[in-house]
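Below you'll find the structure, written out as C-alpha coordinates, and then a few comments.
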Amino acid sequence: MKLSRIIANTGEWLSGAGPHDQIVVSSRVRLARNLKGKPFPGWAKKAERVAVLEEIRTAVEQLPEMEESFSEKLDDLSSLEKQVLVERHLISREHAAKGAGSAVVMNTSQTLSFMINEEDHLRMQAIRAGLQLDQVFAMINQTDSELEDTLDFAFHNDLGYLTACPTNVGTGMRASAMMHLPGLVMSEQVNKIINSVNKIGLAVRGLHGEGTEAMGNLFQVSNQTTLGETEEEIIGRLNKVIFQILEHEQNARQILLQQRAETLLDQIGRAYGILCHAHSITSKEALNLLSFIKMGVDLGLFPSNNRLHVDELFIETQPAHLQKGLQVTKLGAEERDSLRAALIRAKLKQMPEPEIGKIPTNGSSTTSTSSTSETSEES
Amino acid sequence: MFCDVCKSKEATVFLTQIVEGKMQKVNLCEGCSKEKGVNDPTGFALADLLLGLGAAQEIDKNPAGNRCPVCGFSQADFKKTGRLGCSACYDAFAEGLSGMLKNMHRGSIHTGKVPAKLRVGRLRNKEMTELQASLQKAVQEEQFEEAATLRDRIRKLEEESHAEAILSQEPSAEVNRIASITQSLGTVEPAQALGVPKPRKQS
(Lines give C-alpha, C1' and ligand atoms only; values in the text may rest on other atoms or scores of the structure.)
Protein backbone atom coordinates (compact mmCIF):
# COMPACT_ATOMS: atom_id res chain seq x y z
CA MET A 1 0.00 0.00 0.00
CA LYS A 2 1.23 3.47 -0.89
CA LEU A 3 2.10 6.04 1.72
CA SER A 4 0.15 8.71 -0.15
CA ARG A 5 -3.00 6.63 0.27
CA ILE A 6 -2.41 6.25 3.98
CA ILE A 7 -1.69 9.88 4.64
CA ALA A 8 -4.62 11.06 2.56
CA ASN A 9 -6.73 10.08 5.56
CA THR A 10 -6.33 11.59 8.97
CA GLY A 11 -5.34 9.03 11.54
CA GLU A 12 -7.83 7.52 13.93
CA TRP A 13 -6.25 9.36 16.86
CA LEU A 14 -7.12 12.70 15.26
CA SER A 15 -10.51 12.04 13.70
CA GLY A 16 -11.76 9.42 16.14
CA ALA A 17 -13.47 9.92 19.46
CA GLY A 18 -12.34 8.92 22.92
CA PRO A 19 -13.01 9.72 26.56
CA HIS A 20 -12.17 13.33 27.49
CA ASP A 21 -10.97 14.01 23.97
CA GLN A 22 -11.57 17.75 24.30
CA ILE A 23 -8.58 18.07 26.57
CA VAL A 24 -6.74 14.79 26.10
CA VAL A 25 -5.99 14.76 22.39
CA SER A 26 -4.46 11.29 22.24
CA SER A 27 -3.09 8.39 24.28
CA ARG A 28 -0.01 6.53 23.20
CA VAL A 29 1.99 3.57 24.48
CA ARG A 30 5.31 2.57 22.99
CA LEU A 31 7.35 -0.52 23.77
CA ALA A 32 11.08 -0.82 23.09
CA ARG A 33 12.40 -4.29 22.24
CA ASN A 34 15.71 -5.67 21.02
CA LEU A 35 16.65 -9.00 19.55
CA LYS A 36 18.66 -11.34 21.73
CA GLY A 37 22.37 -11.50 20.98
CA LYS A 38 22.42 -8.70 18.41
CA PRO A 39 24.22 -5.38 18.96
CA PHE A 40 21.91 -2.39 19.40
CA PRO A 41 21.36 -0.31 16.20
CA GLY A 42 23.65 2.52 17.26
CA TRP A 43 26.59 0.13 17.65
CA ALA A 44 25.74 -2.47 14.99
CA LYS A 45 27.43 -2.59 11.62
CA LYS A 46 25.30 -1.88 8.59
CA ALA A 47 25.05 -5.55 7.58
CA GLU A 48 23.90 -6.45 11.10
CA ARG A 49 21.30 -3.71 11.03
CA VAL A 50 20.01 -4.90 7.67
CA ALA A 51 19.73 -8.49 8.94
CA VAL A 52 17.80 -7.35 12.03
CA LEU A 53 15.57 -5.19 9.84
CA GLU A 54 14.66 -8.13 7.61
CA GLU A 55 13.94 -10.42 10.54
CA ILE A 56 11.74 -7.95 12.37
CA ARG A 57 10.00 -6.59 9.29
CA THR A 58 8.96 -10.08 8.21
CA ALA A 59 7.61 -10.87 11.68
CA VAL A 60 5.70 -7.59 11.89
CA GLU A 61 4.18 -7.88 8.43
CA GLN A 62 2.87 -11.34 9.30
CA LEU A 63 0.87 -10.08 12.28
CA PRO A 64 -2.87 -10.52 11.75
CA GLU A 65 -3.51 -6.88 12.71
CA MET A 66 -1.07 -5.74 10.02
CA GLU A 67 -2.87 -7.39 7.12
CA GLU A 68 -3.61 -3.97 5.65
CA SER A 69 -0.43 -2.08 6.20
CA PHE A 70 2.21 0.18 4.85
CA SER A 71 5.82 -0.88 5.11
CA GLU A 72 8.82 0.97 3.78
CA LYS A 73 12.54 1.31 4.31
CA LEU A 74 13.46 4.78 5.45
CA ASP A 75 15.95 5.29 2.63
CA ASP A 76 13.08 4.75 0.17
CA LEU A 77 11.05 7.58 1.67
CA SER A 78 11.56 11.24 0.76
CA SER A 79 12.46 13.65 3.53
CA LEU A 80 9.03 15.23 3.11
CA GLU A 81 7.27 11.88 3.59
CA LYS A 82 9.32 11.16 6.68
CA GLN A 83 8.46 14.60 8.07
CA VAL A 84 4.75 13.94 7.49
CA LEU A 85 5.06 10.78 9.60
CA VAL A 86 6.83 12.72 12.34
CA GLU A 87 4.12 15.38 12.36
CA ARG A 88 1.55 12.61 12.80
CA HIS A 89 3.53 11.12 15.69
CA LEU A 90 3.89 7.85 13.80
CA ILE A 91 7.68 7.92 13.83
CA SER A 92 10.09 9.91 15.97
CA ARG A 93 12.30 12.74 14.77
CA GLU A 94 15.28 10.53 15.57
CA HIS A 95 13.90 7.76 13.41
CA ALA A 96 13.27 10.12 10.50
CA ALA A 97 16.96 11.00 10.57
CA LYS A 98 17.92 7.34 10.05
CA GLY A 99 18.79 6.03 6.61
CA ALA A 100 19.84 2.58 5.43
CA GLY A 101 18.89 -0.33 7.65
CA SER A 102 15.82 1.30 9.18
CA ALA A 103 12.17 0.91 8.29
CA VAL A 104 8.66 1.84 9.31
CA VAL A 105 5.56 -0.34 9.27
CA MET A 106 2.08 0.90 10.13
CA ASN A 107 -1.54 -0.13 9.75
CA THR A 108 -3.99 1.83 7.61
CA SER A 109 -5.90 3.32 10.52
CA GLN A 110 -2.53 4.56 11.82
CA THR A 111 -3.22 3.20 15.28
CA LEU A 112 -0.20 0.87 15.23
CA SER A 113 3.23 1.78 14.02
CA PHE A 114 6.59 0.04 14.18
CA MET A 115 9.94 1.75 13.98
CA ILE A 116 12.64 -0.74 13.08
CA ASN A 117 16.21 0.14 14.03
CA GLU A 118 15.54 3.41 15.70
CA GLU A 119 17.54 3.61 18.93
CA ASP A 120 16.38 0.06 19.64
CA HIS A 121 15.79 -2.76 17.17
CA LEU A 122 12.06 -2.36 17.50
CA ARG A 123 9.88 0.36 18.85
CA MET A 124 6.20 -0.27 18.46
CA GLN A 125 3.44 2.07 19.42
CA ALA A 126 -0.31 2.19 19.62
CA ILE A 127 -2.10 5.54 19.56
CA ARG A 128 -5.78 6.38 19.97
CA ALA A 129 -7.90 9.47 20.45
CA GLY A 130 -8.77 10.70 23.93
CA LEU A 131 -7.74 9.31 27.27
CA GLN A 132 -7.60 5.54 26.95
CA LEU A 133 -4.15 4.44 28.03
CA ASP A 134 -5.42 1.08 29.31
CA GLN A 135 -6.96 0.16 25.97
CA VAL A 136 -3.93 1.41 24.06
CA PHE A 137 -1.61 -0.61 26.28
CA ALA A 138 -3.77 -3.73 25.85
CA MET A 139 -3.47 -3.28 22.10
CA ILE A 140 0.30 -2.98 21.95
CA ASN A 141 0.78 -5.62 24.65
CA GLN A 142 -1.08 -8.14 22.56
CA THR A 143 0.99 -7.28 19.52
CA ASP A 144 4.13 -7.72 21.61
CA SER A 145 2.97 -11.14 22.80
CA GLU A 146 2.29 -12.20 19.23
CA LEU A 147 5.73 -11.08 18.12
CA GLU A 148 7.30 -13.03 20.97
CA ASP A 149 6.36 -16.25 19.17
CA THR A 150 8.61 -15.47 16.24
CA LEU A 151 11.20 -13.10 17.71
CA ASP A 152 13.55 -13.70 20.64
CA PHE A 153 13.70 -10.47 22.60
CA ALA A 154 16.66 -9.56 24.78
CA PHE A 155 15.45 -10.08 28.34
CA HIS A 156 17.46 -9.98 31.55
CA ASN A 157 16.33 -11.82 34.61
CA ASP A 158 16.65 -8.82 36.93
CA LEU A 159 16.50 -5.91 34.52
CA GLY A 160 13.71 -7.06 32.22
CA TYR A 161 13.67 -5.97 28.60
CA LEU A 162 17.09 -4.64 27.64
CA THR A 163 17.28 -1.39 25.71
CA ALA A 164 20.08 0.67 24.19
CA CYS A 165 19.50 3.43 26.71
CA PRO A 166 19.36 2.48 30.40
CA THR A 167 16.48 4.93 30.86
CA ASN A 168 14.16 2.51 29.03
CA VAL A 169 15.27 -0.78 30.57
CA GLY A 170 12.72 -2.93 32.40
CA THR A 171 9.33 -2.61 30.79
CA GLY A 172 10.73 -0.68 27.80
CA MET A 173 7.44 1.17 27.98
CA ARG A 174 6.71 4.83 27.49
CA ALA A 175 3.06 5.71 27.95
CA SER A 176 1.97 9.24 27.20
CA ALA A 177 -1.02 11.46 26.76
CA MET A 178 -1.11 14.59 24.63
CA MET A 179 -2.99 17.24 26.56
CA HIS A 180 -4.34 20.59 25.40
CA LEU A 181 -3.96 22.97 28.33
CA PRO A 182 -4.69 26.56 27.30
CA GLY A 183 -6.50 27.28 30.58
CA LEU A 184 -3.48 26.36 32.68
CA VAL A 185 -1.19 28.36 30.39
CA MET A 186 -3.39 31.47 30.47
CA SER A 187 -3.73 31.35 34.22
CA GLU A 188 0.02 30.79 34.53
CA GLN A 189 -0.37 27.57 36.45
CA VAL A 190 1.21 25.26 33.94
CA ASN A 191 4.80 25.59 35.20
CA LYS A 192 3.70 24.74 38.71
CA ILE A 193 1.96 21.64 37.36
CA ILE A 194 4.95 20.63 35.24
CA ASN A 195 7.28 20.95 38.21
CA SER A 196 5.13 18.84 40.49
CA VAL A 197 4.60 16.18 37.83
CA ASN A 198 8.36 16.00 37.25
CA LYS A 199 8.90 15.41 40.95
CA ILE A 200 6.91 12.20 40.96
CA GLY A 201 8.81 10.41 38.24
CA LEU A 202 6.63 11.53 35.36
CA ALA A 203 7.57 13.97 32.63
CA VAL A 204 5.80 16.81 30.84
CA ARG A 205 7.24 17.67 27.47
CA GLY A 206 6.50 19.65 24.33
CA LEU A 207 4.65 18.63 21.22
CA HIS A 208 7.20 16.22 19.79
CA GLY A 209 8.62 14.76 22.97
CA GLU A 210 11.94 15.23 24.61
CA GLY A 211 13.62 18.60 24.12
CA THR A 212 10.81 20.11 22.06
CA GLU A 213 8.95 23.33 22.62
CA ALA A 214 5.38 23.36 23.83
CA MET A 215 3.42 24.88 20.96
CA GLY A 216 -0.31 25.35 20.71
CA ASN A 217 -0.55 24.75 24.48
CA LEU A 218 -0.05 21.06 23.81
CA PHE A 219 1.86 19.03 26.37
CA GLN A 220 2.90 15.41 26.50
CA VAL A 221 2.63 13.76 29.90
CA SER A 222 4.54 10.51 30.15
CA ASN A 223 6.25 8.11 32.53
CA GLN A 224 9.91 8.77 33.14
CA THR A 225 10.86 5.50 34.82
CA THR A 226 10.58 2.02 33.38
CA LEU A 227 12.18 -0.27 35.95
CA GLY A 228 10.80 -1.49 39.27
CA GLU A 229 7.10 -1.26 38.50
CA THR A 230 4.76 -3.32 36.36
CA GLU A 231 3.30 -1.83 33.19
CA GLU A 232 -0.10 -1.62 34.88
CA GLU A 233 1.33 0.19 37.89
CA ILE A 234 3.05 2.76 35.66
CA ILE A 235 -0.12 3.36 33.65
CA GLY A 236 -2.20 3.54 36.82
CA ARG A 237 0.07 6.21 38.24
CA LEU A 238 0.06 8.11 34.96
CA ASN A 239 -3.72 7.91 34.61
CA LYS A 240 -4.18 9.33 38.07
CA VAL A 241 -1.97 12.31 37.30
CA ILE A 242 -3.58 12.90 33.90
CA PHE A 243 -7.00 13.01 35.57
CA GLN A 244 -5.69 15.53 38.06
CA ILE A 245 -4.27 17.73 35.30
CA LEU A 246 -7.56 17.37 33.43
CA GLU A 247 -9.46 18.63 36.46
CA HIS A 248 -7.02 21.50 36.94
CA GLU A 249 -7.49 22.49 33.32
CA GLN A 250 -11.29 22.38 33.60
CA ASN A 251 -11.06 24.39 36.80
CA ALA A 252 -8.73 26.94 35.26
CA ARG A 253 -11.15 27.43 32.37
CA GLN A 254 -14.07 27.92 34.76
CA ILE A 255 -12.14 30.46 36.77
CA LEU A 256 -11.10 32.30 33.62
CA LEU A 257 -14.74 32.42 32.55
CA GLN A 258 -15.86 33.73 35.88
CA GLN A 259 -13.07 36.17 36.62
CA ARG A 260 -11.38 37.05 33.36
CA ALA A 261 -14.07 36.47 30.78
CA GLU A 262 -13.15 39.63 28.91
CA THR A 263 -9.52 38.59 28.48
CA LEU A 264 -10.56 35.12 27.45
CA LEU A 265 -13.02 36.36 24.84
CA ASP A 266 -10.51 38.92 23.62
CA GLN A 267 -7.92 36.19 23.05
CA ILE A 268 -10.36 33.93 21.22
CA GLY A 269 -11.72 36.81 19.16
CA ARG A 270 -8.26 38.02 18.20
CA ALA A 271 -7.17 34.52 17.31
CA TYR A 272 -10.22 34.18 15.07
CA GLY A 273 -9.57 37.58 13.50
CA ILE A 274 -5.93 36.92 12.72
CA LEU A 275 -6.50 33.39 11.43
CA CYS A 276 -9.36 34.55 9.19
CA HIS A 277 -7.42 37.42 7.69
CA ALA A 278 -3.71 36.64 7.83
CA HIS A 279 -1.81 36.18 4.58
CA SER A 280 1.38 34.89 6.09
CA ILE A 281 1.66 32.94 9.29
CA THR A 282 4.35 30.74 10.87
CA SER A 283 3.42 27.31 12.15
CA LYS A 284 4.16 28.35 15.71
CA GLU A 285 1.83 31.34 15.55
CA ALA A 286 -0.81 29.28 13.80
CA LEU A 287 -0.70 26.58 16.49
CA ASN A 288 -0.86 29.08 19.31
CA LEU A 289 -3.87 30.83 17.78
CA LEU A 290 -5.58 27.57 16.81
CA SER A 291 -5.30 26.57 20.45
CA PHE A 292 -7.63 29.46 21.37
CA ILE A 293 -10.07 28.48 18.63
CA LYS A 294 -10.02 24.90 19.92
CA MET A 295 -10.76 26.13 23.42
CA GLY A 296 -13.51 28.31 21.92
CA VAL A 297 -15.12 25.20 20.45
CA ASP A 298 -14.86 23.48 23.86
CA LEU A 299 -16.56 26.48 25.48
CA GLY A 300 -19.40 26.49 22.98
CA LEU A 301 -18.42 29.73 21.22
CA PHE A 302 -18.26 27.94 17.91
CA PRO A 303 -20.62 25.22 16.66
CA SER A 304 -19.25 21.84 17.70
CA ASN A 305 -19.37 20.48 14.15
CA ASN A 306 -16.28 22.60 13.50
CA ARG A 307 -14.23 20.59 15.94
CA LEU A 308 -12.70 18.24 13.41
CA HIS A 309 -11.79 21.13 11.07
CA VAL A 310 -9.93 22.84 13.86
CA ASP A 311 -8.22 19.66 15.06
CA GLU A 312 -7.16 18.84 11.53
CA LEU A 313 -5.65 22.30 11.12
CA PHE A 314 -3.28 21.51 14.00
CA ILE A 315 -1.73 18.84 11.77
CA GLU A 316 -2.44 20.23 8.30
CA THR A 317 -0.61 23.48 9.02
CA GLN A 318 2.62 21.69 9.97
CA PRO A 319 5.41 22.30 7.43
CA ALA A 320 5.47 18.89 5.76
CA HIS A 321 1.70 18.45 5.69
CA LEU A 322 1.33 21.79 3.92
CA GLN A 323 3.45 20.54 1.06
CA LYS A 324 2.41 16.91 0.88
CA GLY A 325 -0.29 17.40 -1.75
CA LEU A 326 1.90 19.53 -3.96
CA GLN A 327 4.00 18.11 -6.72
CA VAL A 328 6.72 20.66 -6.12
CA THR A 329 10.17 20.73 -4.70
CA LYS A 330 10.53 21.81 -1.12
CA LEU A 331 9.03 25.22 -0.43
CA GLY A 332 10.84 28.00 1.39
CA ALA A 333 9.65 29.22 4.78
CA GLU A 334 7.97 32.33 3.35
CA GLU A 335 6.10 30.35 0.72
CA ARG A 336 4.96 27.93 3.41
CA ASP A 337 3.77 30.79 5.61
CA SER A 338 1.52 32.20 2.89
CA LEU A 339 0.30 28.74 1.90
CA ARG A 340 -0.52 28.05 5.54
CA ALA A 341 -2.44 31.32 5.90
CA ALA A 342 -4.45 30.53 2.77
CA LEU A 343 -5.31 27.03 4.03
CA ILE A 344 -6.47 28.36 7.38
CA ARG A 345 -8.53 31.13 5.77
CA ALA A 346 -10.25 28.61 3.54
CA LYS A 347 -11.04 26.23 6.38
CA LEU A 348 -12.25 28.91 8.78
CA LYS A 349 -14.54 30.41 6.13
CA GLN A 350 -17.05 27.69 7.00
CA MET A 351 -16.87 28.67 10.62
CA PRO A 352 -19.06 31.48 11.98
CA GLU A 353 -17.76 34.23 14.24
CA PRO A 354 -17.52 33.36 17.94
CA GLU A 355 -20.92 33.74 19.59
CA ILE A 356 -20.14 35.71 22.66
CA GLY A 357 -23.65 35.30 24.05
CA LYS A 358 -23.17 31.54 24.12
CA ILE A 359 -20.46 31.64 26.70
CA PRO A 360 -21.44 29.50 29.68
CA THR A 361 -21.69 31.81 32.62
CA ASN A 362 -21.94 29.11 35.23
CA GLY A 363 -24.83 30.07 37.46
CA SER A 364 -24.66 33.78 36.82
CA SER A 365 -27.46 35.19 34.69
CA THR A 366 -25.25 37.58 32.76
CA THR A 367 -25.33 37.05 29.05
CA SER A 368 -23.47 39.98 27.58
CA THR A 369 -19.73 40.38 27.75
CA SER A 370 -19.83 43.78 29.35
CA SER A 371 -21.82 42.61 32.35
CA THR A 372 -19.56 39.56 32.74
CA SER A 373 -16.55 41.81 32.87
CA GLU A 374 -18.24 44.02 35.46
CA THR A 375 -18.76 41.05 37.74
CA SER A 376 -15.15 40.09 37.32
CA GLU A 377 -14.02 43.53 38.36
CA GLU A 378 -16.13 43.36 41.48
CA SER A 379 -14.82 40.00 42.58
CA MET B 1 35.73 -13.72 51.53
CA PHE B 2 37.15 -11.16 49.15
CA CYS B 3 36.90 -7.40 49.34
CA ASP B 4 33.85 -6.08 47.44
CA VAL B 5 35.83 -3.21 45.97
CA CYS B 6 39.18 -4.59 44.84
CA LYS B 7 38.01 -8.22 44.60
CA SER B 8 41.56 -9.41 45.19
CA LYS B 9 42.39 -9.08 48.87
CA GLU B 10 40.80 -10.85 51.79
CA ALA B 11 38.10 -8.73 53.42
CA THR B 12 38.78 -7.84 57.02
CA VAL B 13 36.38 -4.96 57.53
CA PHE B 14 32.68 -5.87 57.55
CA LEU B 15 30.16 -3.08 57.41
CA THR B 16 26.42 -3.12 57.88
CA GLN B 17 24.27 -0.10 57.32
CA ILE B 18 20.53 0.42 57.16
CA VAL B 19 19.67 2.34 54.00
CA GLU B 20 16.02 3.19 53.38
CA GLY B 21 14.99 0.51 55.83
CA LYS B 22 17.00 -2.19 54.09
CA MET B 23 20.08 -3.79 55.53
CA GLN B 24 23.10 -3.56 53.25
CA LYS B 25 26.42 -5.24 53.85
CA VAL B 26 29.83 -4.45 52.44
CA ASN B 27 33.02 -6.38 52.98
CA LEU B 28 36.30 -4.55 52.49
CA CYS B 29 40.00 -5.27 52.72
CA GLU B 30 42.14 -3.05 54.89
CA GLY B 31 43.50 -0.99 51.99
CA CYS B 32 40.12 -0.27 50.44
CA SER B 33 38.53 0.50 53.79
CA LYS B 34 41.14 3.21 54.38
CA GLU B 35 40.75 4.53 50.85
CA LYS B 36 37.00 4.82 51.34
CA GLY B 37 37.45 6.54 54.69
CA VAL B 38 35.72 3.78 56.58
CA ASN B 39 37.72 4.51 59.73
CA ASP B 40 35.79 7.77 59.87
CA PRO B 41 32.26 6.43 60.19
CA THR B 42 30.61 9.85 60.06
CA GLY B 43 32.10 10.72 56.69
CA PHE B 44 31.44 7.40 55.08
CA ALA B 45 28.25 6.57 53.28
CA LEU B 46 27.88 2.96 52.44
CA ALA B 47 25.31 4.07 49.91
CA ASP B 48 28.03 5.82 47.89
CA LEU B 49 29.90 2.60 47.63
CA LEU B 50 26.80 0.62 46.81
CA LEU B 51 25.62 3.18 44.30
CA GLY B 52 28.59 2.44 42.17
CA LEU B 53 31.27 4.96 43.08
CA GLY B 54 33.60 2.17 44.06
CA ALA B 55 32.61 0.22 41.00
CA ALA B 56 33.34 3.09 38.66
CA GLN B 57 36.80 3.48 40.13
CA GLU B 58 37.37 -0.19 39.80
CA ILE B 59 36.46 -0.19 36.12
CA ASP B 60 38.74 2.78 35.49
CA LYS B 61 41.62 1.08 37.24
CA ASN B 62 41.26 -2.03 35.20
CA PRO B 63 41.55 -1.23 31.48
CA ALA B 64 40.91 -4.81 30.40
CA GLY B 65 37.60 -4.78 32.22
CA ASN B 66 36.15 -1.66 30.64
CA ARG B 67 35.11 -3.24 27.36
CA CYS B 68 32.11 -5.46 26.79
CA PRO B 69 33.55 -8.91 25.98
CA VAL B 70 30.75 -9.57 23.49
CA CYS B 71 30.53 -6.41 21.39
CA GLY B 72 33.68 -4.50 22.34
CA PHE B 73 31.76 -1.45 23.49
CA SER B 74 33.74 0.57 26.04
CA GLN B 75 32.93 2.56 29.15
CA ALA B 76 34.16 5.64 27.25
CA ASP B 77 31.69 4.96 24.43
CA PHE B 78 28.92 4.85 26.98
CA LYS B 79 30.00 8.13 28.53
CA LYS B 80 29.98 9.68 25.07
CA THR B 81 26.65 8.38 23.74
CA GLY B 82 24.65 7.48 26.82
CA ARG B 83 23.69 4.28 24.98
CA LEU B 84 24.99 0.75 25.39
CA GLY B 85 26.38 -1.48 22.64
CA CYS B 86 24.49 -4.73 23.18
CA SER B 87 22.53 -6.76 25.73
CA ALA B 88 25.72 -8.19 27.22
CA CYS B 89 26.90 -4.67 28.11
CA TYR B 90 24.37 -4.73 30.95
CA ASP B 91 26.34 -7.55 32.56
CA ALA B 92 29.76 -6.24 31.54
CA PHE B 93 29.12 -2.86 33.15
CA ALA B 94 26.71 -4.16 35.78
CA GLU B 95 28.47 -2.63 38.75
CA GLY B 96 28.71 0.84 37.29
CA LEU B 97 25.19 0.66 35.92
CA SER B 98 23.50 -0.55 39.07
CA GLY B 99 23.96 2.78 40.83
CA MET B 100 22.83 4.68 37.79
CA LEU B 101 19.73 2.54 37.37
CA LYS B 102 18.89 2.94 41.02
CA ASN B 103 18.93 6.72 40.67
CA MET B 104 17.11 6.69 37.37
CA HIS B 105 14.23 4.35 38.16
CA ARG B 106 11.84 3.49 40.95
CA GLY B 107 13.37 0.11 41.60
CA SER B 108 16.24 -2.03 40.45
CA ILE B 109 14.38 -5.25 39.68
CA HIS B 110 11.98 -5.68 36.78
CA THR B 111 8.53 -6.67 37.99
CA GLY B 112 6.59 -6.27 34.77
CA LYS B 113 5.94 -8.42 31.74
CA VAL B 114 8.08 -11.48 31.04
CA PRO B 115 8.18 -13.16 27.62
CA ALA B 116 6.05 -16.32 27.77
CA LYS B 117 9.03 -18.50 26.83
CA LEU B 118 10.95 -17.43 29.92
CA ARG B 119 8.18 -17.51 32.49
CA VAL B 120 8.78 -21.06 33.83
CA GLY B 121 12.50 -20.61 34.42
CA ARG B 122 11.91 -17.27 36.01
CA LEU B 123 9.40 -18.68 38.49
CA ARG B 124 11.87 -21.32 39.58
CA ASN B 125 14.55 -18.71 39.88
CA LYS B 126 12.33 -16.60 42.09
CA GLU B 127 11.62 -19.57 44.33
CA MET B 128 15.34 -20.21 44.49
CA THR B 129 16.07 -16.67 45.63
CA GLU B 130 13.41 -16.96 48.31
CA LEU B 131 14.74 -20.29 49.48
CA GLN B 132 18.23 -18.86 49.63
CA ALA B 133 17.03 -15.99 51.79
CA SER B 134 15.19 -18.36 54.13
CA LEU B 135 18.27 -20.55 54.33
CA GLN B 136 20.47 -17.62 55.30
CA LYS B 137 17.94 -16.60 57.91
CA ALA B 138 17.65 -20.11 59.32
CA VAL B 139 21.41 -20.35 59.57
CA GLN B 140 21.69 -16.99 61.27
CA GLU B 141 19.08 -18.06 63.78
CA GLU B 142 20.93 -21.35 64.19
CA GLN B 143 17.87 -23.32 63.06
CA PHE B 144 20.05 -25.96 61.50
CA GLU B 145 17.30 -28.52 61.06
CA GLU B 146 15.26 -26.01 59.08
CA ALA B 147 18.40 -25.02 57.16
CA ALA B 148 19.01 -28.61 56.13
CA THR B 149 15.45 -28.97 54.83
CA LEU B 150 15.79 -25.77 52.86
CA ARG B 151 19.08 -26.87 51.38
CA ASP B 152 17.55 -30.13 50.27
CA ARG B 153 14.80 -28.23 48.46
CA ILE B 154 17.36 -26.00 46.81
CA ARG B 155 19.31 -29.06 45.66
CA LYS B 156 16.14 -30.54 44.20
CA LEU B 157 15.42 -27.38 42.22
CA GLU B 158 19.02 -27.36 41.11
CA GLU B 159 18.71 -30.90 39.81
CA GLU B 160 15.56 -29.95 37.93
CA SER B 161 17.17 -27.08 36.17
CA HIS B 162 20.24 -29.17 35.37
CA ALA B 163 18.01 -31.81 33.90
CA GLU B 164 16.25 -29.21 31.81
CA ALA B 165 19.52 -27.80 30.62
CA ILE B 166 20.56 -31.22 29.41
CA LEU B 167 17.21 -31.93 27.81
CA SER B 168 16.97 -28.69 25.92
CA GLN B 169 18.95 -28.83 22.72
CA GLU B 170 20.09 -25.27 22.90
CA PRO B 171 20.47 -24.30 26.54
CA SER B 172 19.13 -20.80 26.89
CA ALA B 173 21.04 -18.19 28.79
CA GLU B 174 18.25 -18.27 31.35
CA VAL B 175 18.82 -21.91 32.23
CA ASN B 176 22.57 -21.40 32.36
CA ARG B 177 22.05 -18.56 34.68
CA ILE B 178 19.90 -20.61 37.00
CA ALA B 179 22.45 -23.39 36.92
CA SER B 180 25.22 -21.04 37.92
CA ILE B 181 23.12 -19.62 40.71
CA THR B 182 22.25 -23.02 42.05
CA GLN B 183 25.87 -24.07 41.86
CA SER B 184 26.97 -21.19 43.99
CA LEU B 185 24.04 -21.89 46.29
CA GLY B 186 25.07 -25.44 46.77
CA THR B 187 28.29 -24.32 48.37
CA VAL B 188 26.63 -22.16 51.00
CA GLU B 189 27.64 -23.84 54.21
CA PRO B 190 26.20 -22.80 57.55
CA ALA B 191 29.66 -21.93 58.82
CA GLN B 192 30.30 -19.69 55.86
CA ALA B 193 26.98 -17.97 56.13
CA LEU B 194 27.79 -17.25 59.77
CA GLY B 195 30.79 -15.30 58.65
CA VAL B 196 33.51 -17.87 59.14
CA PRO B 197 35.84 -17.17 56.22
CA LYS B 198 36.12 -19.87 53.64
CA PRO B 199 38.10 -19.57 50.43
CA ARG B 200 35.74 -18.81 47.56
CA LYS B 201 36.22 -20.16 44.10
CA GLN B 202 37.02 -17.40 41.66
CA SER B 203 34.41 -17.65 38.96
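Numbered from 1 within each chain, the chains take letters A, B, ... in sequence-line order. The structure displayed is predicted, hence computed values, not measured ones.
- Only the backbone of Ile200(A) comes within contact range of chain B, with at least one heavy atom under 4.5 Å from a heavy atom of that chain.
- When all heavy atoms of Pro166(A) and Leu84(B) are compared, the closest pair comes out as CG-CD1, 4.3 Å.
- Counting all heavy atoms, side chain and backbone alike, Phe155(A) lies closest to Lys113(B) at CE1-O, 3.5 Å.
- Minimum heavy-atom separation, Val114(B) to Tyr161(A): C-OH, 3.9 Å.
- No other option in Gly85(B), Cys71(B), Gly112(B), Cys89(B) has as many heavy-atom pairs under 4.5 Å with chain A as Gly85(B).
- In this structure, OG1 in Thr129(B) is found 8.0 Å from CG in Asp158(A), a value given to the nearest 0.5 Å.
- Looking at Glu232(A), there are no atoms closer than 4.5 Å to chain B (heavy atoms on both sides), in backbone or side chain.
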Worksheet item: Where do Lys38(A) and Ser87(B) land on the side chain to side chain donor-acceptor pair (under 3.5 Å) test, with the steps shown first?
Response: CA-CA 8 Å; Lys38(A) 307 270 165 63; Ser87(B) 312; over 6 Å; no
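- Ala116(B) touches chain A through backbone and side chain together, each having a heavy atom under 4.5 Å away.
- When heavy atoms are compared at a cutoff of 4.5 Å, Leu147(A) does not approach chain B at all.
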Worksheet entry | Test side chain to side chain donor-acceptor pair (under 3.5 Å) applied to His156(A) and Asp91(B), step by step | CA-CA 9 Å; His156(A) 189 282; Asp91(B) 287 322; 3.0 Å; yes
Worksheet entry | Criterion salt bridge (Lys or Arg N to Asp or Glu O under 4.0 Å) on Lys117(B) and Asp149(A), from CA distance to verdict | CA-CA 8 Å; Lys117(B) 294 173 199 168; Asp149(A) 292 338; over 6 Å; no
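- For Arg237(A), the salt bridge (charged side-chain N to carboxylate O under 4.0 Å, His left out) partners two or more places apart in sequence, or in a different chain, are Glu229(A).
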